[in-house]
**Student:** 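This structure is in C-alpha cells; I'll ask about it shortly.
Naming: A, B, ... by sequence-line order, numbering from 1 per chain.
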Protein chains: 2
Amino acid sequence: MRVLIVEDDPLHRAWLGEAVRAALPECREVVEATDGAEGEARAREMPDAHVVMDLQMQPRTGIDAARTIWRERPSTRILFWSNYSDEAYVRGVSRIVPPGAAYGYVLKSASGERLRLALRGIFVENQCVIDGEVRGTQQKSTAHAVALSEAEYEVLIDIALGLTDRAIAARRGLSLRSVQNRLQAIYDKLGVHAPEGQEGLYNLRGRAVSVAVLRRLLNRNTLERAEADLAEWSARRQR
Amino acid sequence: MRVLIVEDDPLHRAWLGEAVRAALPECREVVEATDGAEGEARAREMPDAHVVMDLQMQPRTGIDAARTIWRERPSTRILFWSNYSDEAYVRGVSRIVPPGAAYGYVLKSASGERLRLALRGIFVENQCVIDGEVRGTQQKSTAHAVALSEAEYEVLIDIALGLTDRAIAARRGLSLRSVQNRLQAIYDKLGVHAPEGQEGLYNLRGRAVSVAVLRRLLNRNTLERAEADLAEWSARRQR
DNA sequence: AGGCGGCCTGCGGGTTCCCGCAAGGGATGC
DNA sequence: GCATCCCTTGCGGGAACCCGCAGGCCGCCT
C-alpha cells in the first residue's frame with residue numbers, strides 16, 4: 001500500500017504524515033505533495049496510491065485535483081481532510097465522486113482517533129467514512145422543501161456569476177419564463193423577501209446570492225470553477 | 001512584556017508559541033486563546049499585553065476581536081498572522097487600525113525568520129511591519145483609476161448584500177442618481193462589461209459582485225460583518 | 001379513465017435597473 | 001476672476017427584472 005498526501009500547510013502535512021504512518025503500518029511509502037497540481041502529477045506516477053487531501057489549496061483546490069485524479073482512475077480512494085463542512089464543499093465533493101468509489105470526509109478538528117479510523121476504514125476496509133458534522137450538512141442539503149434541487153442550484157450559480165435571465169436560458173436550454181420560475185423557487189427557499197414594511201429593500205437576485213454565501217451554499221471556489229465552466233461554454237457557443 | 005496568542009488551529013498555536021518564546025526572551029508570559037471571543041476576554045485581563053492573532057477564525061474573526069481590543073485599548077500592538085493577503089482582509093484591517101498604533105501583517109507562508117523580525121519590530125521597536133505580498137495588495141487597493149474609493153467600496157458592499165438602489169440611497173444619504181453614478185464607476189473599474197458581441201450576457205450588478213469575490217475584494221467575512229451593520233441600521237431606522 | 005401534481009411555456013404589466021444628457025455646486029489653480 | 005475638475009442631482013427612456021395568470025405536457029395514483 002502506498003499513500004499520497006496533498007496538503008499545502010507544512011505543519012499539517014507533517015502531522016498528517018505521522019498519523020498515516022502510525023495508523024497504517026502496512027503502508028510501504030508515503031509521498032507528500034504541497035498543492036493540487038503537484039498532487040495530480042504524483043498521483044499519475046503512483047497508479048496504486050490512496051490519497052489524503054486538503055480541500056482549501058491555492059491555486060488548484062482539492063476538488064480540482066480530486067476531479068482529475070478520479071477522471072484518470074475512478075477507483076482511487078480519497079480521504080478529504082478539511083477545516084470546514086460548508087455545504088459548498090460537501091456539494092462540490094459529492095458532485096465528483098465516481099459511482100462506487102470509496103471516499104471519506106473528515107474535519108481537521110476531529111480527534112486523531114477519528115482520523116485513524118477513517119484511514120483504516122477507507123484504505124483497508126474499502127468503506128466510506130463521513131464525519132458526523134459533514135453528514136449533517138449533507139442531509140440538510142437534500143432535505144426537501146428547504147433545500148435547493150440540483151437544477152435550482154445551477155441557476156443559483158448562474159446568477160452568482162452575474163448572468164442575465166436570457167443568458168441563463170440560453171445556457172441551460174430553457175425558456176425565459178422557466179428560468180424565472182426557478183428563480184422564484186430559489187427566492188422562496190432562501191427566504192430573501194424583505195421583512196414586513198420594508199418592501200423595496202432588496203434586489204431579490206442579489207439578495208439570493210448574498211444569503212447563499214452567508215449560508216455557505218456558495219463560496220469563492222465554487223464561483224471560480226463556475227467561472228471557468230462559463231468561459232468554456234461561452235467559447236464553444238461563439239462558433 | 002507579555003504576549004497573547006489568538007489562534008484556533010492547535011498545531012499553528014503551538015508552533016507560534018515556540019516562535020514567540022524564541023524571538024522574545026524578555027517575554028515573561030505567553031497566554032494562548034483559541035478563538036476571537038476568548039482572545040477579547042484574555043486581552044481584557046492583560047492590560048499590557050501584545051497580541052499575535054490569526055484572521056480566519058470561527059465564529060468571531062480576528063478582525064472582530066482586533067476591533068474590540070483596539071476600541072478598549074487603542075495603543076495595543078497587534079501582529080496579524082494570516083494565510084492570505086486578500087484585499088478583503090487588508091482593507092478590513094486597515095479600516096480598524098487606530099491612528100498611530102503599531103501593528104503588523106505577516107503571512108503564515110513566510111519564513112520563521114520573517115516572523116521573528118516582525119515580532120521584534122512591532123513589540124520591541126514599536127514599528128509597523130507589513131509583509132511584501134501584503135504591501136503589494138495594499139498598494140494595489142489604493143492605486144488610482146483601477147481601485148475603488150472608499151465610497152465606492154461601501155456601495156459595492158451594499159449591492160453584495162442585495163440592496164436596491166433606493167435602499168442604498170436611503171442608507172448612505174444620497175440621491176438615487178448618485179448611487180447609480182457610483183455603480184457606474186464600479187462597473188467601469190471592475191471591467192464587468194460583456195465582451196464584444198455578447199451584449200446581454202451580464203447583469204452588471206450581479207457581475208460586479210462576482211468579479212469582486214473572484215478578485216478577493218470581498219469575502220464571506222466581509223459580508224457577514226456588513227450584514228450585521230445593515231441589521232443594526234435597519235433597526236435604528238424603524239423608529 | 002379521470003384526476004392530481006409537477007414542470008415548462010407564453011402573455012402582460014408594474015417595478016427596478018442602466019445610462020446618456022445636462023445643470024448645479026464646491027475645491028483648486030493660474 | 002475664471003477655468004477646470006470632481007461630485008452631485010434631476011429627467012427620461014429603453015432594457016431587464018419580478019411575478020400573477022393560464023394553458024399544455026407528462027407521469028402517477030386510485
Side-chain angles (χ1 to χ4, degrees), chain A residues 142 144-212, chain B residues 142-195 197-212:
Chain A
T142 52
H144 225 52
V146 255
L148 276 59
S149 72
E150 195 58 26
E152 287 154 1
Y153 191 66
E154 276 189 340
V155 174
L156 174 63
I157 290 181
D158 286 341
I159 59 172
L161 285 174
L163 295 180
T164 59
D165 290 4
R166 188 186 311 283
I168 300 175
R171 186 179 186 194
R172 303 294 179 193
L174 293 172
S175 76
L176 240 187
R177 193 59 179 90
S178 292
V179 173
Q180 295 174 335
N181 275 341
R182 292 234 214 293
L183 287 175
Q184 305 270 343
I186 293 174
Y187 300 154
D188 288 346
K189 291 188 181 176
L190 293 185
V192 298
H193 289 276
E196 200 64 33
Q198 312 225 37
E199 272 59 35
L201 186 62
Y202 292 132
N203 169 338
L204 299 185
R205 198 186 194 68
R207 185 63 185 165
V209 175
S210 184
V211 169
Chain B
T142 53
H144 224 52
V146 256
L148 278 59
S149 71
E150 194 58 24
E152 286 154 2
Y153 191 66
E154 276 189 340
V155 174
L156 174 64
I157 290 180
D158 286 342
I159 60 173
L161 285 174
L163 296 181
T164 59
D165 291 4
R166 190 186 309 284
I168 300 175
R171 186 180 185 195
R172 303 296 178 191
L174 294 172
S175 77
L176 239 187
R177 192 57 178 89
S178 291
V179 172
Q180 295 173 335
N181 276 340
R182 291 232 213 299
L183 287 175
Q184 305 271 342
I186 294 174
Y187 300 154
D188 288 345
K189 291 189 182 177
L190 293 185
V192 297
H193 290 275
Q198 311 223 39
E199 271 60 36
L201 186 61
Y202 293 131
N203 169 338
L204 299 186
R205 199 188 194 68
R207 184 65 185 165
V209 175
S210 184
V211 170

**Student:** Would you list the protein and nucleotides 4-7 of chain C atom pairs, both N or O, that sit under 3.5 Å from each other?
**Tutor:**
none

**Student:** Rounded to whole angstrom units, what separation is found between the CG atom of B:L201 and the P atom of D:dA16?
**Tutor:**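 Roughly 12 Å, once rounded to whole Å.
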
**Student:** So which heavy atom on B:R166 is nearest to which on B:L176, and how close?
**Tutor:**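 The answer is N-CD2, 4.0 Å.
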
**Student:** 5'-most contact on DNA chain D: B:S178 or B:G200, nearest heavy atom basis?
**Tutor:**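 Looking at the nearest nucleotide for each, B:S178 comes out on the 5' side.
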
**Student:** Base, sugar-phosphate, or nothing: which does A:L174 touch, judged by heavy atoms less than 4.0 Å apart?
**Tutor:**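 Touches sugar-phosphate only.
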
**Student:** Looking at A:S175, I'd like to know whether one of its side-chain N or O atoms comes within less than 4.0 Å of OP1 or OP2 on C:dT9.
**Tutor:** yes

**Student:** Please give, in whole Å, the distance from D:dC6 C1' to B:E152 CD?
**Tutor:**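 Nearest whole value for this atom pair: 12 Å.
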
**Student:** If you compare all heavy atoms of B:G200 against all heavy atoms of A:T164, which two are closest, and at what distance to 0.1 Å?
**Tutor:**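 Looking at all heavy atoms of both residues, the closest pair is O-OG1, 2.7 Å.
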
**Student:** Using only heavy-atom distances, decide whether a donor-acceptor pair under 3.5 angstrom links the side-chain of A:R177 to the base of D:dG20.
**Tutor:** yes

**Student:** Rounded to whole angstroms, how far apart are CD1 on A:I168 and C1' on C:dC8?
**Tutor:**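 The distance from CD1 of A:I168 to C1' of C:dC8 comes to 16 Å, rounded to the nearest Å.
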
**Student:** Nearest 0.5 angstrom please: B:R207 CZ to B:I186 CD1, how far?
**Tutor:**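 Rounded to the nearest 0.5 Å, the CZ-CD1 separation comes to 15.0 Å.
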
**Student:** Rounded off to whole Å, could you give me the CG-to-P distance for the A:D165 and D:dC18 pair?
**Tutor:**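 Nearest whole value for this atom pair: 6 Å.
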
**Student:** Distance check needed: C:dC17 C1' versus A:I159 CD1, whole Å only.
**Tutor:**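 Taking CD1 of A:I159 and C1' of C:dC17, I get 16 Å after rounding.
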
**Student:** Mind checking whether B:R182 and B:L174 have side chains closer than 4.5 Å, heavy atoms only?
**Tutor:** yes

**Student:** From C:dC19, D:dC17, C:dC17, pick the nucleotide closest to the side chain of A:R205?
**Tutor:** D:dC17

**Student:** Evaluate the side-chain proximity of B:I168 to B:I159: yes if any heavy-atom separation is below 4.5 Å, no if none is.
**Tutor:** yes

**Student:** Does a side-chain N or O from B:N203 land closer than 4.0 Å to OP1 or OP2 of C:dC18, or not?
**Tutor:** yes

**Student:** What pair of heavy atoms forms the shortest contact from B:A160 to A:S210, and how long is it?
**Tutor:** O-CB, 3.1 Å

**Student:** Might you point out which heavy atoms bring A:L163 and A:R205 nearest each other, and give the distance in Å?
**Tutor:**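 That would be O-NH2, 2.8 Å.
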
**Student:** Report yes if some heavy atom in the side chain of B:V179 is under 4.5 Å from a heavy atom in the side chain of B:R172; otherwise report no.
**Tutor:**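 Contact flag for B:V179/B:R172 side chains = no.
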
**Student:** Both B:N181 and B:G206 contact DNA chain C. Which one's nearest nucleotide lies toward the 5' end?
**Tutor:** B:G206

**Student:** How many Å lie between CG on B:L183 and P on C:dT16, as a whole number?
**Tutor:** 15 Å

**Student:** Of the non-hydrogen atoms in A:K189 and A:E152, which two are nearest, and what is the gap between them?
**Tutor:** NZ-OE1, 3.0 Å

**Student:** Distance check needed: D:dC17 C1' versus A:L204 CG, whole Å only.
**Tutor:** 9 Å

**Student:** So does B:Q180 get a side-chain nitrogen or oxygen closer than 4.0 Å to the phosphate oxygens (OP1/OP2) of C:dC19?
**Tutor:** no

**Student:** Please enumerate all protein N or O atoms sitting under 3.5 Å from an N or O of nucleotides 13-15 of chain D, with distances to 0.1 Å.
**Tutor:**
none

**Student:** On a heavy-atom basis, which atom in A:L156 and which in A:A212 lie closest, and how many Å separate them?
**Tutor:**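 Shortest heavy-atom separation between A:L156 and A:A212 comes out as CD2-CB, 3.9 Å.
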
**Student:** Using atom CG of B:L176 as one end and atom P of D:dC7 as the other, report the distance to the nearest whole Å.
**Tutor:**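 Value for this atom pair: 19 Å.
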
**Student:** At less than 4.0 Å, is any side-chain N or O atom of A:T164 found next to OP1 or OP2 of D:dA16? Yes or no.
**Tutor:**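 For D:dA16, OP1/OP2 do not have a side-chain N/O of A:T164 under 4.0 Å.
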
